[in-house]
Amino acid sequence: MRVAYSLEYGIDEMEMHRDAVGPAERIILVDDLIATGGTAEAAVKLLRSLGAEILAACFIIDLPSSAGRRASRPCRCRSVRLLPFRDTDHR
């Protein structure tokens, strides 16, 4: 299985074996960073196309200025972000 998705700097593809997830399997998606939300949305589409139930999406770092929170809404699942990064945090 393959799905293409947009990044802030271009387009990429994500692949997964058809037998990696079975129908009705309950999944928690974990990613290190949410920026545009493209990777998370692609992962959710891929998993749902295999019949998985997405319970939640968890992100370690959130870049709020990159619209990731808004972009992840189409995923229609609970979303948890552990560390919001603000432009002033690196000074």
Side-chain angles (χ1 to χ4, degrees):
M1 302 283 305
R2 178 183 299 171
V3 65
Y5 62 99
S6 296
L7 300 166
E8 55 195 345
Y9 49 83
I11 295 175
D12 204 350
E13 292 184 341
M14 183 180 298
E15 296 181 353
M16 185 175 184
H17 286 278
R18 291 183 190 275
D19 61 352
V21 176
E25 280 196 56
R26 301 172 69 186
I27 304 292
I28 296 176
L29 176 68
V30 178
D31 198 349
D32 61 342
L33 175 79
I34 185 161
T36 64
T39 305
E41 187 175 3
V44 167
K45 283 181 184 177
L46 203 51
L47 290 163
R48 284 190 176 144
S49 73
L50 295 170
E53 176 188 356
I54 312 300
L55 300 178
C58 303
F59 306 95
I60 307 302
I61 299 171
D62 177 18
L63 298 178
S65 62
S66 296
R69 184 177 299 264
R70 288 189 308 276
S72 66
R73 285 185 189 144
C75 296
R76 296 183 322 272
C77 63
R78 182 170 185 236
S79 180
V80 177
R81 291 152 177 87
L82 299 179
L83 180 63
F85 180 86
R86 295 173 301 276
D87 290 339
T88 58
D89 288 344
H90 68 281
R91 293 182 189 163

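Note: hydrogens, waters and symmetry copies are ignored here, and every other heavy atom, side chains too, is used. Everything numeric in this text was worked out from a predicted model, so none of it was measured.
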Drop me the distance from Leu29's CG to Glu41's CD, to the nearest 0.5 angstrom.
12.0 Å

Kindly give the heavy-atom pair with the smallest separation between Leu46 and Ser49, and that separation in Å.
O-OG, 2.6 Å

Which atoms form the tightest heavy-atom contact between Arg18 and Leu50, and what is the distance?
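That would be O-CD2, 3.7 Å.
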
How would you list, by chain and number, every residue that makes a salt bridge (charged side-chain N to carboxylate O under 4.0 Å, His left out) with Arg2, sequence neighbours excluded?
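For Arg2, the residues satisfying salt bridge (charged side-chain N to carboxylate O under 4.0 Å, His left out) (neighbours in sequence not counted) are Glu13, Glu15.
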
Which ILVMFWY residues can you reach from Leu55 by hopping between side chains whose heavy atoms are under 4.5 Å apart?
Ile28, Val30

Same apolar cluster (I L V M F W Y, side chains within < 4.5 Å links), Met1/Ile11
no

Looking at residues at least two apart in the chain, or sitting in another chain, which of them share a side-chain contact (heavy atoms from CB on, under 4.5 Å) with Leu33?
Ile61, Leu63

I need the full list of side-chain hydrogen bond (donor to acceptor under 3.5 Å, both in side chains) pairs touching residues 20-33, with sequence neighbours left out, sorted by first then second residue.
none

